[in-house]
Amino acid sequence: MNENLFALFQSRFPADRSAPFLDALDGRVFSYADLENRSGRLSRLLGALGVRVGDRVLVQVEKSPAAVMLYLACLRHGAVFVPLNTAYTAREVAFFITDAEPAVVVSDPARLEETAELAGTAHVMTLDVAGQGTLVEGAEGLDGDAPVAELAANDLACILYTSGTTGRSKGAMTSHGNLAANALDLHRIWGFEPADVLLHALPIFHAHGLFVALNTTLLNGSGMLFLPRFEAAEVVRLLPRATLMMGVPTFYTRLLANPDFTAELCHHMRLFISGSAPLLEETFHAFEARTGQRILERYGMTEAGMITSNPLVGERLAGSVGFALPQTEVRVVDEDGRLLGADQTGVLEITGANVFQGYWRLPEKTAEEFRPDGWFITGDLACQDSEGRVTIVGRAKDLVISGGFNVYPKEIELLLDDLDGVAESAVIGLQHTDFGEAVTAVVVADGELPTEAEIIAGLKAELAAYKVPKRVLFIPELPRNAMGKVEKNRLRESYSGLYEDVK
Ligand code: AMP
């Protein structure tokens, strides 16, 4: 049997292929027939460019229907899709090109020349800017009826980069089998219905928008409203046409801040789902008070897709991320890997068909993150009640999640420490109503320091905007424990109210 995820999707497409798949909200509606045809043509073009099964296609483009077609073409062709956050700077992209060694780089048009210089022997093209000899133009006129590559379940489908605490990004390798198992579970437990219409406002370079949202819709053979980005007013306008929405917590706080977001708008909605960062209990309750709907919170990570979910039927509890998915097992252990009892906090470990194939070209790093019995150490701190409900307590690693995006403090600390006048620094996340957490730098001087504004401006040239600290604070010394480790929890406590007035 062909384990290619595209073959599974195809087996679920509506019999009437003229049914809508993607409404681009600009007058263009792509049907399932369009999907088959466009992904087929792009797949043919990848073949013509010499891309073989397992070759990487690195993609840094804005969210668009063509980007979705390219993802599907890669699956169909057996190429490994490697999406990058559009906010990455040229310096960051250079690393990913070296690491992934792609056969094709699909670049942001504004970056084309810069990228071409970095890309060595790879083909560098833009996606669909007219008149540039782009990928989409190259595929025109090719036969859309391309074959679906014969693959095994553990053949790679995608590599999604997650930053490391050492500042070194790691490519999480996800197979066709991983994605199929996870999408089938979610499709079942969230009770997808033939008439569902998903409001898709998430980015598609991350597992949430790419795998959770797109793959479940494709398995369902149903349609989606495809927004280029989240805007509360636009969501309010489109909600009457949707039945289902997936978002990061920031989406929900922004909707609540919009006076036009009312209970009447939500009556017909089947489900609001939240994840990628903790949903504050305050937001859960405010949302229920406003709309009568209880947001369904789930928990996952790049390395495993979705892991737990609150139930569709049954109590959705604020603050809890619910139960392990059908094909996933979870356990909470102490630092030495000993199993903990109910309600005890420890490290969350997981196993199951959704757990990834390891980090790209980092076998030692991969081995460190798995227990000898094959369970993956998530790095999240959690507890589980006697019924199996999981609550995420915090992050073992000092990850900051701002607006749903992961920010690894170390990467920013390394740049800060390089500045003249900076002795050392610590980057922490502080609670912020809009972003969930705001990236905040605490700096110790050993000479004449640049100003806060100068530091922020300097970092903007080096880092994706979401990683740049919102504030830089200056202190005489960092608090440390007896082992010399910086006590970030104390810093977080000292500055906990910093963004209280920010709305
Ligand atoms: P990513 O790999 O970008 O998907 O980030 C994964 C991390 O986000 C997880 O390891 C958790 O720390 C965090 N995360 C995701 N969903 C939730 C949630 N519902 N509640 C708390 N933390 C979450």
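Atoms within a ligand are numbered from 1 in the order they appear, just like the ligands themselves.
Near Thr302, meaning under 4.0 Å from any of its heavy atoms, are these atoms of ligand 1: 1 (P), 2 (O), 3 (O), 4 (O). Close approach of ligand 1 to Arg298 is summarised as follows: ligand atoms under 4.0 Å from at least one heavy atom of the residue are 18 (C), 19 (N). Per-residue contacts place His206 under 4.0 angstrom from the following atoms of ligand 1 (heavy atoms of the residue considered): 1 (P), 3 (O), 4 (O).
Below 3.5 Å of separation, one finds an N or O of Glu297 facing an N or O of ligand 1. The N/O atoms of Thr378, backbone and side chain alike, include none that comes under 3.5 Å of an N/O atom in ligand 1. Polar contact check, Tyr299 against ligand 1: no nitrogen or oxygen pair lies under 3.5 Å apart.
Among Gly300, Gly305, Ala382, the residue whose heavy atom sits closest to atom 15 (C) of ligand 1 is Gly300.
Contacts of Asp380 with ligand 1, taken as heavy-atom pairs under 4.0 Å, involve the side chain alone. For Ala277, every heavy-atom contact with ligand 1 shorter than 4.0 Å involves the backbone, none the side chain. Residue contacts with ligand 1 for His208 are absent, since no atom lies close enough (heavy atoms, distance under 4.0 Å).
Ion pair Arg361/Glu101 flagged as a salt bridge, since at least one NZ, NE, NH1 or NH2 atom sits closer than 4.0 Å to an Asp/Glu carboxylate oxygen. Between Glu92 and Lys467 there is a salt bridge, with a side-chain nitrogen of the basic residue lying less than 4.0 Å from a carboxylate oxygen of the acidic one. The pair Arg331-Asp373 counts as a salt bridge, with a side-chain nitrogen and a carboxylate oxygen less than 4.0 angstrom apart. Ionic pairing of Arg229 and Glu234 is not present here: no N-O contact between side-chain nitrogen and carboxylate oxygen is shorter than 4.0 angstrom. Using a 4.0 Å cut-off between charged side-chain N and carboxylate O, Lys170 and Glu368 make no salt bridge.
The closest approach between a heavy atom of Val321 and any atom of ligand 1 is below 4.0 Å. In this structure, Ser276 is part of the shell of residues with a heavy atom less than 4.0 angstrom from ligand 1. Residue Ile401 places a heavy atom less than 4.0 Å from ligand 1.
Partner Phe192 forms a side-chain contact (heavy atoms from CB on, under 4.5 Å) with one of Thr243, Leu312, Asn220 and no other, that one being Asn220.
Between Phe230 and Phe251, the ring-plane angle classifies as parallel under the 30° and 60° cut-offs.
The shortest heavy-atom contact between Gly247 and Leu202 is CA-CD2, 4.2 Å.
Under the 6.0 Å cut-off for aromatic ring centres, Tyr88 and Phe95 do not qualify, their centroids lying 6.0 Å or more apart.
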